[in-house]
Amino acid sequence: MSPVISWIDIAVLLSTLFAIVGYGMWKTRRNDSLDQYLRGGNELKWGTIGLSVMATQASAITFLSTPGQAWESGMGFVQNYLGMPIALIIVSAFFIPIYYKLKVYTAYEFLEKRFDLKTRLLGALLFLLQRGLAAGITIYAPAIILSSVLGWNLSGTILLVGILVVLYTVSGGSRAVSLTQKHQMAVIMGGMGLAFWFLLDGMPENVGFTDALSLGASLDKTNAIDLTFNLNERYNVWSGLIGGLFLSLSYFGTDQSQVARYLGGKNTLQSRAGMMFNAVLKIPMQFFILLTGVMVFVFYLFTPGPYYFKQSALDVLPPAKVEQLDLQWLALQEQRKEAALELSFEPESAEKRQLLQQAESEVQAFRAEVKQAIVQQQPDAETKDSDYVFIRFVLDHLPTGVVGLLLAVIFSAAMSSTSSELNALGSTTCVDIYHRLFKHNPSEEAKVKAGKFFTFLWGMIAIGFALYARLLENLIEAVNILGSVFYGVILGIFLVAFFLKHIRGSAAFYAAIVAQSIVLALFFSTDIGYLWYNLIGCGGVIGLSLLFYTFMPKDTQISG
Amino acid sequence: MNNESPEKEPSWSKIYSGIALLLLLYIVGMYIFTEVLK
């Protein structure tokens, strides 16, 4: 279990990354107009748009955490994506035609055309605040995991990803983002397919794919769908359909990092087809990634592995304690392996099934003991190790060369989502703030220069934030939750704009301010699950807009 | 002379209905997957 990877893997990793970045930069070396820089000259076809939308959503954490999530608690997470196809249909039917008709660069530009300047600025600022902080974490989160397991320098890993992304995103703009994402997705899907194949190949001879599924099921890992309606359950069909619908509608309809992906299309037909591509493929893709996690779990029933996957955290334990845990683990692991093998020979036996369940519950109790021992030594230690499971499997069990490819998968995913974020942050700052408020009629050359400058500036902010994020561990979780705190209100503003045609700017604007204050008050004073803020924020804006429209004097509603 | 003909729009309502049906199939399929393996 050496933490060092071979030079072949490093060569595969770097050549894959540089080839994609080089290709993106070369293909988009000329950007004569802002339209070309921010919308890629409206040349993209549905396949590129579809892959680009998919790559923007799939960050490195998707490929590190999602298999780990299935390894730990099964496949229920797939239900979070059930509302997505419906949201994509709504975006395709209502949002895309209007964005195209108004020829906007950003989603917030539409808000001024529909309402007024202050509502546009509010939408843009909420987006910049939330996405600006998130961009740093998109780089930091995978870098901390990779640097820990590979023994690489954290700052070096952040700089490698950050500088490469800034290079092609600043130089080539939106088209470079889309073109590189197409190739990044090819690397991602190819790499994940290979990992799955090696997982099945690594099972004992008598354990085929269906046997592995049945073993995973006996330990409750294949629980993809839960029909019970329970507000306290994290994942079930209803929270996935309702909560997922609102979250996806906000993300795909109003978040500029996604809006920019489909506004680069040749026409509405190509953009809509790109969205439908995702409506069809996203759920199977998430299902496949989670299934990979189940296979990793079954693989480790038969193959010796660590009892705690974030191995650097074990350094805080005294050597004698580690030695004692190692011995305990050897016995527990052997016992579970025997039970799994016996069940694989007699899959119908209830007794063998119970034996395996018993062995697994002993393993879980042992893992809880390990985590407790870590916390005793270091009270503020983060004991969640599921994010490290998949990368540990890759490093320990995949052949040389394939390890490099799988690392390229994770780096590509980090770069693809970061590039969309930087491009969107740059566009929004340039179009909605700088040009709108300070420079009304600059030349095309000056516009492109400003676009490049703001993209570069956000790149530096993201890298800077990632470099210092380790000092702000608690802030990271807060930033993730912050997304949901603002998303609902932004969606509410857009839904009022699209569907409540009689409501004017001021009613929507003040409704958004009040709704956001209510959401923030609830956030700081209650324990409501954060997904519900999407509903509360959105419903609040719609309800209050109607209320304000009824009671506000009509002349104050028109002016901005 | 412009030889490019505008792209013909497909019937989006049929495509959206198809996607909604596919979503239902995904849910039923994954439900069967969950229950059969239980």
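So you know, we letter chains A, B, ... as the sequences are listed, proteins then strands, and number each from 1.
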Check: Quick one: of A:Gly74, A:Ala93, A:Ala279, A:Gly216, who has the most non-hydrogen atom pairs under 4.5 Å with chain B?
Finding: A:Ala93
Margin query: Restricting to non-hydrogen atoms, name the atom on B:Leu37 and the atom on A:Ala217 that form the minimum distance, rounded to 0.1 Å.
Written below: O-CB, 3.1 Å
Check: Would you find more than 12 non-hydrogen atoms of other residues, nucleotides or ligands less than 6.0 Å from A:Glu43 atom CD?
Finding: yes
Next item on the list: Please indicate whether B:Glu9 has more than 12 foreign heavy atoms, meaning atoms of other residues, nucleotides or ligands, lying under 6.0 Å from its CD.
Entry: yes
Check: What part of A:Met75 gets closer than 4.5 Å to chain B, counting heavy atoms only: side chain, backbone, both or neither?
Finding: side chain
Notebook entry, point to check: Between A:Leu291 and chain B, which part of the residue has a heavy atom less than 4.5 Å away: side chain, backbone, both or neither?
Noted result: side chain
Note to self: Go through it in stages, so that I can follow the logic: the residues are B:Tyr26 and A:Phe287, the test is ring-ring contact (aromatic ring centres under 6.0 Å, His included), and I'd like the CA-CA distance, side-chain angles, deciding distance and then a yes or no.
What the structure shows: CA-CA 10 Å; B:Tyr26 283 156; A:Phe287 184 87; 9.2 Å; no
Item checked: Region of A:Gln79 in contact with chain B, defined by heavy-atom distances below 4.5 Å -> neither
Note to self: Quick one, B:Trp12 with A:Leu269, criterion side-chain contact (heavy atoms from CB on, under 4.5 Å). Give me CA distance, side-chain angles, the key distance, then yes/no.
What the structure shows: CA-CA 10 Å; B:Trp12 285 106; A:Leu269 170 65; 3.5 Å; yes
Next item on the list: Could you grab the distance from atom OG of B:Ser13 to atom CD1 of A:Ile89, nearest 0.5 Å is fine?
Entry: 11.0 Å
Note to self: I need the contact set between residues 219-228 of chain A and chain B: heavy-atom distance under 4.5 Å, sorted by residue number.
What the structure shows: A:Thr222, A:Asn223, A:Ala224, A:Ile225, A:Leu227
Notebook entry, point to check: Would you say A:Val237 and B:Met30 make side-chain contact, with heavy atoms under 4.5 Å?
Noted result: no
Item checked: Atom group of B:Ile32 that falls short of 4.5 Å from chain A, counting heavy atoms -> neither
Notebook entry, point to check: Tell me the salt bridge (Lys or Arg N to Asp or Glu O under 4.0 Å) pairs involving residues 10-36 of chain B, sequence neighbours left out?
Noted result: B:Glu35-B:Lys38
Next item on the list: Could you tell me which portion of A:Thr210 (side chain, backbone, both or neither) has an atom closer than 4.5 angstrom to a non-hydrogen atom of chain B?
Entry: neither
Check: Can you find a pair of side-chain heavy atoms, one from A:Ile283 and one from B:Leu23, that are under 4.5 Å apart?
Finding: yes
Note to self: Is it the case that over 12 heavy atoms from other parts of the model lie below 6.0 angstrom from the CZ atom of A:Phe196?
What the structure shows: yes
Notebook entry, point to check: Can you tell me how far CD1 of B:Ile15 sits from CE of A:Met276, rounded to the nearest 0.5 angstrom?
Noted result: 8.0 Å
